[in-house]
Amino acid sequence: QVQLVESGGGLVQTGGSLKLSCVFSRRTFRNYHVGWFRQAPGKERDFVASVSSSGYSTYYADSVKGQFTISRDNAKNTVYLQMNSLNPEDTAVYYCAARTGPSRVAVEYDYWGQGTQVTVSS
């Protein structure tokens with residue numbers, strides 16, 4: 001059974017930063033493309049960023065380019081999402097997900113974490 005566990009969420013003021021982590025349970029972690037998605041109350045789950053299995057290629061939603069940075073450490077089976085200059089519009093539950101190829105589409109991902117709440121106060 002594949003498990004992904006997110007951490008690092010919390011409450012932060014506007015302009016602050018958070019770094020999310022997603023730990024992957026399988027040793028085959030390095031074979032998977034990993035994405036971050038977010039879902040605000042009453043809204044759809046939106047693509048935020050993703051990283052290739054090697055870590056060399058990264059993809060971002062236009063809304064977070066230059067603000068968020070995705071990275072991975074295959075030795076630690078972990079993907080990170082560094083979020084800077086946060087604003088209330090970034091408030092959402094953030095999920096990491098994995099699949100065996102790049103995609104920006106949530107339904108194409110095979111494995112999901114339970115999510116971590118990020119709340120940005122004004």
Side-chain angles (χ1 to χ4, degrees):
Q1 183 73 14
V2 174
Q3 287 188 316
L4 290 82
V5 180
E6 303 99 332
S7 63
L11 175 64
V12 64
Q13 292 185 332
T14 295
S17 298
L18 284 173
K19 187 173 184 177
L20 306 183
S21 298
C22 171
V23 178
F24 196 83
S25 65
R26 271 194 177 170
R27 291 182 180 179
T28 54
F29 170 72
R30 62 185 69 243
N31 296 337
Y32 289 86
H33 186 99
V34 178
W36 284 97
F37 291 78
R38 65 185 180 185
Q39 188 167 20
K43 295 188 177 180
E44 294 184 350
R45 190 168 298 188
D46 292 331
F47 172 78
V48 174
S50 67
V51 60
S52 65
S53 56
S54 65
Y56 291 139
S57 297
T58 56
Y59 310 85
Y60 294 95
D62 288 343
S63 59
V64 305
K65 276 182 183 176
Q67 181 189 4
F68 292 2
T69 302
I70 190 170
S71 62
R72 67 190 292 160
D73 184 341
N74 284 345
K76 295 183 178 180
N77 282 16
T78 303
V79 170
Y80 304 99
L81 186 69
Q82 177 67 47
M83 306 186 296
N84 298 326
S85 303
L86 287 163
N87 58 73
E89 289 70 36
D90 296 314
T91 294
V93 177
Y94 284 71
Y95 300 89
C96 66
R99 68 185 309 272
T100 55
S103 174
R104 295 171 179 252
V105 181
V107 296
E108 294 183 353
Y109 280 75
D110 301 308
Y111 306 106
W112 288 86
Q114 82 290 347
T116 184
Q117 176 71 47
V118 172
T119 303
V120 185
S121 63
S122 57

Would Tyr95 and Leu4 count as a side chain to side chain contact (heavy atoms under 4.5 Å, CB included) here? Give the steps. CA-CA 9 Å; Tyr95 300 89; Leu4 290 82; over 6 Å; no
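- Between the Asp73 side chain and the Thr78 main chain, no donor and acceptor come within less than 3.5 Å of each other.
- Closest non-hydrogen pair, Trp112 versus Ala106, comes out as CZ2-O, 3.3 Å.
- Taking the ring axis of Phe24 as reference, the NZ or CZ atom of Arg72 does not stay both within 45° of it and closer than 6.0 Å to the ring centre.
- Between Arg99 and Tyr109, the side chains place no donor N or O within less than 3.5 Å of an acceptor N or O (distance only, hydrogens not considered).
- In this structure, CD on Glu6 lies 12.5 Å from OH on Tyr94, to the nearest 0.5 angstrom.
- A heavy-atom distance below 4.5 Å is found between the side chains of Val79 and Ile70.
- Two residues are said to be in side-chain contact when any heavy atoms from C-beta on lie closer than 4.5 Å; Met83 and Gln67 fail this criterion.
- Taking CZ of Arg104 as the start and CG of Asp46 as the end, the distance is 12.0 Å to the nearest 0.5 Å.
- Val107 belongs to a hydrophobic cluster with Val105, counting contacts under 4.5 Å between side-chain heavy atoms of Ile, Leu, Val, Met, Phe, Trp and Tyr, direct or through other members.
- Applying the ring pair (Phe, Tyr, Trp, His ring centres under 6.0 Å) definition to pairs two or more places apart or across chains, those involving residues 53-72 are His33-Tyr59.
- Phe47 CZ to Arg38 CZ: the interatomic distance, rounded to the nearest 0.5 Å, is 11.0 Å.
- Hydrophobic clustering of Ile, Leu, Val, Met, Phe, Trp and Tyr side chains at less than 4.5 Å, counting indirect connections, unites Val64 with Val12.
- Side chains of Tyr80 and Lys19 form a contact here, defined as non-hydrogen atoms less than 4.5 Å apart.
- How far CG of Leu20 is from CH2 of Trp36: 4.5 Å, rounded to the nearest 0.5 Å.
- Applying the side-chain contact (heavy atoms from CB on, under 4.5 Å) rule to Asn84 yields the partners Ser17, Gln82; only residues at least two apart in sequence or on another chain are considered.
- Rounding to the nearest 0.5 angstrom, the gap separating the CG atom in Leu11 from the CD atom in Gln117 is 9.5 Å.
- Between Val118 and Val120 there is a side-chain heavy-atom pair separated by less than 4.5 Å.
- Every pair passing disulfide (SG to SG under 2.5 Å) that includes a residue from residues 70-122 is listed here, sequence neighbours excluded: Cys22-Cys96.
- By the rule that hydrophobic residues join a cluster once side-chain heavy atoms approach within less than 4.5 Å of another member, Tyr111 and Val48 end up as members of one cluster.
- The salt bridge (Lys or Arg N to Asp or Glu O under 4.0 Å) check on Asp110 picks up nothing, with sequence neighbours excluded.
- Residue Ser50 holds its OG atom at 11.0 Å from CG of Leu81, rounded to the nearest 0.5 Å.
- With hydrogens and angles disregarded, no donor-acceptor distance shorter than 3.5 Å links the side chain of Gln114 to the backbone of Val5.
- The main-chain N or O of Ser53 is found under 3.5 Å from a side-chain atom of Asn74 such that the two form a donor-acceptor pair.
- When all heavy atoms of Ser122 and Pro88 are compared, the closest pair comes out as CB-CG, 3.9 Å.
- With sequence neighbours left out, the salt bridge (Lys or Arg N to Asp or Glu O under 4.0 Å) criterion links Lys65 to Asp62.
- Side-chain N or O atoms of Thr14 include none that pairs as donor or acceptor with a backbone N or O of Asn87 at under 3.5 Å.
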